[in-house]
Number of protein chains: 2
Amino acid sequence: MTQASRTIGVMEAIRRQLATRALMPGERLPSIRRFATVMGVSPSTVVEAYDRLAAEGVIRSRPGSGFYVLGAAPSLDLRAPAPPQEQEVDPFWVSRQSLDADADVLKPGCGWLPPDWMPQAAMRRALRQLARGPDAVLTDYGSSLGPLNLRRILGRQFADEGLDISPESILLTTSGSQSIDLICRYHLRPGDTVLVDDPCYFNFQALLRIYKARIISVRFTPAGPDLQAFADMLGQHRPRLYITNSALHNPTGGTITPQTAHRLLKLAAEHDLTIIEDDTFAVLEPDLSPRLATLDGLERVIRIGSFSKTLSASVRCGYIAGQPDLIAALTDLQVATNFGGPSPVATEIVTSTLSDGSYRKHVEGIRRRLAGARKTTVARLAHMGIEPWLMPRGGFYLWCTLPEGIEAAEIARAARRRNVVLAPGNIFSPAQTAASFMRFNVSQMHERAWGVLAEVMAAPQVRND
Amino acid sequence: MTQASRTIGVMEAIRRQLATRALMPGERLPSIRRFATVMGVSPSTVVEAYDRLAAEGVIRSRPGSGFYVLGAAPSLDLRAPAPPQEQEVDPFWVSRQSLDADADVLKPGCGWLPPDWMPQAAMRRALRQLARGPDAVLTDYGSSLGPLNLRRILGRQFADEGLDISPESILLTTSGSQSIDLICRYHLRPGDTVLVDDPCYFNFQALLRIYKARIISVRFTPAGPDLQAFADMLGQHRPRLYITNSALHNPTGGTITPQTAHRLLKLAAEHDLTIIEDDTFAVLEPDLSPRLATLDGLERVIRIGSFSKTLSASVRCGYIAGQPDLIAALTDLQVATNFGGPSPVATEIVTSTLSDGSYRKHVEGIRRRLAGARKTTVARLAHMGIEPWLMPRGGFYLWCTLPEGIEAAEIARAARRRNVVLAPGNIFSPAQTAASFMRFNVSQMHERAWGVLAEVMAAPQVRND
């Protein structure tokens with residue numbers, strides 16, 4: 001990356017913070033030294049970027065005290081938005097690129113299965129059944145907790161895993177992301193500290209930025225978070241929340257060991273830490289790994305999840321399992337912000353699909369198919385010198401190191417210009433330690449994606465074209 | 001209401017603020033004088049309530065400085081939740097009572113039409129069509145702005161009303177409430193001042209409490225907000241936002257006059273005020289009234305709405321129309337908090353129903369049916385001495401005064417014990433000026449509701465039983 005493009009990168013990061021109101025009028029910009037570390041550039045690059053933003057009238061310098069955001073009105077980026085290929089590679093990058101990709105764009109960087117892996121027949125059956133269903137389901141608002149029958153189905157599933165809770169401990173929501181958002185609304189105030197894994201799901205960072213939370217991170221090892229670092233972080237920073245995936249962790253595919261889970265919960269209890277366990281991928285495990293929520297009995301762990309990965313991401317439905325008093329408060333928050341829970345049309349489709357005996361077989365089929373795709377993908381990546389950090393027990397992610405000297409963000413930008421969306425490591429890394437990592441979705445490795453990957457890996461001039 | 005029940009009411013209001021984190025550990029409670037005004041009780045009632053909460057260990061008094069919330073952990077109400085009939089009559093009351101009502105509960109207080117008024121046949125057609133639709137729509141995440149074809153349909157509808165904007169100025173969301181929530185996330189910081197009408201939709205207050213906004217209000221007259229008071233409020237309090245329904249205002253059914261709309265926009269421009277115009281009910285007008293967004297051309301007005309009132313509240317889909325740069329920022333916020341826009345299953349159903357020629361006829365049918373129901377309801381209410389504040393041009397609300405000396409909250413509690421949910425005036429009134437008002441939904445006045453209303457209106461001993 002050239003000096004000029006690094007400067008533009010820093011400018012765009014600041015503009016993005018202004019647009020999402022992570023930085024507000026009158027506020028001080030991050031110090032030059034700190035922002036240089038965050039962005040992985042030299043301090044002089046940040047100085048140049050700030051100077052140029054000051055020249056544009058976006059910020060201004062107060063000698064001896066730093067740079068400040070100008071203006072009392074919301075400060076927006078009024079220029080035409082950058083074309084998708086040239087957008088800043090930040091925690092929003094993969095979401096934007098994957099959600100809004102044209103049909104001819106391939107997405108080995110995205111976080112979902114292709115439509116032909118999903119239970120289309122069951123979905124169509126559920127829709128036809130709904131078309132004959134009662135009037136009220138088709139047109140009324142739903143109940144504020146979501147329908148009891150679906151909460152009972154979830155309760156039985158949790159009981160099978162050893163977590164015995166009442167349906168009043170379960171709130172249905174619009175999505176897994178919205179579940180985390182509701183909990184953050186309840187728990188966080190601007191400036192609160194939140195602990196995440198390094199690396200972690202990029203949208204945790206995007207969401208926490210909106211809350212103006214201070215994000216700290218702990219290295220994720222093949223056995224789970226590094227416990228010594230975890231203990232140090234709790235002692236030093238007293239985070240209010242820890243957000244993690246303990247089973248089939250995104251992006252690494254790792255799963256916490258029973259020993260780590262037990263010790264982590266002891267540390268959490270000592271420091272009065274609340275944990276959000278995002279269980280989105282756990283259903284893809286071949287067999288059940290220890291779950292924080294189960295060990296803890298939902299004392300200080302809040303379990304969230306959705307049906308987006310194995311049933312449908314189009315039918316939006318997630319859940320939160322927690323203490324009844326927490327659920328009651330979150331229910332009021334959901335009513336105020338969305339007037340009620342998830343769509344009854346959506347919950348009916350989920351309920352009838354989950355009740356259908358075919359769903360379990362479908363999930364087993366996906367697990368087998370993913371195991372095969374993981375093997376093939378690992379073998380083909382090896383030919384390019386790309387190695388998995390660990391071989392996951394399940395799921396669709398491979399977290400890989402690129403050959404020495406190759407930067408993932410450059411590869412991702414070059415691939416995007418060739419209509420392939422990749423997921424470069426640093427978008428997952430709060431500490432920006434994953435510049436040479438890439439996350440691959442083994443279900444989305446179409447032949448043309450392999451061709452583009454080979455092309456952009458091979459030649460520096462291609463990457464910088 | 002007895003002194004004891006007033007005290008309990010104040011205690012529950014504080015507990016609710018703790019549960020929704022409107023009050024946080026360490027924070028000072030509202031002053032006794034101010035909270036007495038807000039709750040419409042005497043200062044001695046607030047003193048007693050605070051003393052009892054202090055005895056329970058929920059708050060503590062610091063002599064000379066007021067009362068403070070105890071504890072560093074989230075302060076939750078750990079008692080069993082009150083049964084629905086006994087819950088505090090606050091801005092959440094009608095939502096909770098109506099959303100979670102059993103089938104045998106009637107809801108003249110709710111904000112929607114009964115299922116048999118809704119376009120069931122068109123909904124069923126849309127579901128059957130979807131069951132034959134493309135795979136990706138059934139299982140993929142949608143695009144971040146929502147599908148272009150539905151944004152185009154909305155754009156054409158706006159153009160017919162004189163508001164000519166591009167589809168890039170429209171963001172599809174999960175609901176009308178979520179539309180307002182996204183805009184508040186973008187515009188508000190704790191302590192910001194927001195102006196609403198008195199009375200206004202109760203959920204505006206519930207949402208603004210979550211944002212810890214300072215809520216100020218301006219009297220709504222039959223011609224729109226009182227302009228002199230509006231100008232004074234802007235001058236004195238410099239609110240960041242004004243949230244209103246300018247057509248078929250909730251709860252009054254009033255519609256802003258062209259003169260008021262024009263002057264209001266001039267005042268807004270002078271004071272750099274942003275306006276959220278919630279257009280939820282406007283489609284029920286017999287013909288088009290002046291709309292703030294149209295007059296203003298979306299310069300400082302953000303238009304929001306949904307399809308919940310005339311198509312389906314179960315299929316959750318709302319929209320935001322605003323400046324493209326605002327829409328871009330809100331799109332990122334929606335991705336971070338909900339991973340994408342509304343459900344593609346939902347937007348497909350809305351699109352195919354709106355494209356169907358039958359929808360326009362359906363809406364015309366509802367308008368005629370509502371006009372009839374309004375007349376009948378007004379006549380029957382007159383027999384009980386209940387008078388509409390104005391006769392609305394359309395919609396399903398009648399905002400009425402009760403006979404001298406009858407308090408709406410008492411009537412609502414007594415009716416709730418008889419399985420009828422009513423909407424007492426003060427839940428709509430930030431200034432608590434509507435204790436003798438009641439909002440009736442003319443589409444939900446079943447015969448048994450009339451019986452219960454007559455019974456609770458007739459006898460003081462029934463109201464206090």
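Side chains are part of it too, since the values below use all heavy atoms of this structure and drop only hydrogens, waters and symmetry mates. Labels below follow one simple rule: chain letters A, B, ... track the order of the sequence lines, proteins then strands, and each chain is numbered from 1. The shown structure was predicted, so the numbers you read here are calculated from the model rather than taken from an experiment.
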Looking only at heavy atoms, what is the nearest atom pair of Lys107(A) and Gln444(A), with distance? O-CB, 3.5 Å
Using a cut-off of under 4.5 Å for heavy-atom pairs, which of Gly133(B), Gly176(B), Gly111(B) has the most such pairs with chain A? Gly133(B)
Give the member of Phe339(B), Trp112(B), Phe202(B) that has the highest number of heavy-atom pairs under 4.5 Å with chain A. Phe339(B)
Let me see the working for Gln120(A) and Thr139(B) under side chain to side chain donor-acceptor pair (under 3.5 Å), right down to the final yes or no. CA-CA 8 Å; Gln120(A) 299 290 344; Thr139(B) 56; 3.2 Å; yes
So which part of Leu330(B) gets closer than 4.5 Å to some heavy atom of chain A, the side chain, the backbone, both or neither? neither
Part of Pro134(B) within contact of chain A (heavy atom distance under 4.5 Å): backbone
Heavy-atom cut-off 4.5 Å, strictly under: side chain, backbone, both or neither for Arg125(A) against chain B? neither
Please determine which of Asp272(B), Thr274(B), Asp192(B) meets the side chain to side chain donor-acceptor pair (under 3.5 Å) test together with Arg240(B). Asp192(B)
Please determine, among Pro119(A), Ser312(A), Ser314(A), the option with the most heavy-atom pairs under 4.5 Å with chain B. Ser314(A)
Given that the side chain runs from C-beta out, which part of Leu311(B) has a heavy atom under 4.5 Å from chain A: side chain, backbone, both or neither? backbone
Under 3.5 Å, is there a donor-acceptor pair linking the side chains of Thr173(A) and Ser179(A)? yes
With chain A, which of Met118(B), Arg124(B), Glu348(B) has the greatest number of heavy-atom pairs at distances under 4.5 Å? Arg124(B)
Heavy-atom distances under 4.5 Å only: say whether Leu182(A) touches chain B with side chain, backbone, both or neither. neither
Give, as side chain, backbone, both or neither, the part of Asp181(A) having an atom under 4.5 angstrom from any heavy atom of chain B. side chain
Specify which of Val345(B), Val335(B), Asp140(B), Leu207(B) makes the most heavy-atom pairs with chain A at under 4.5 Å. Asp140(B)
May I ask you to decide if Ala131(A)'s main-chain N or O and Arg128(B)'s side chain share a donor-acceptor pair within less than 3.5 Å? no
Select one option (side chain, backbone, both, neither) describing which atoms of Phe307(A) are under 4.5 Å from chain B's heavy atoms. neither
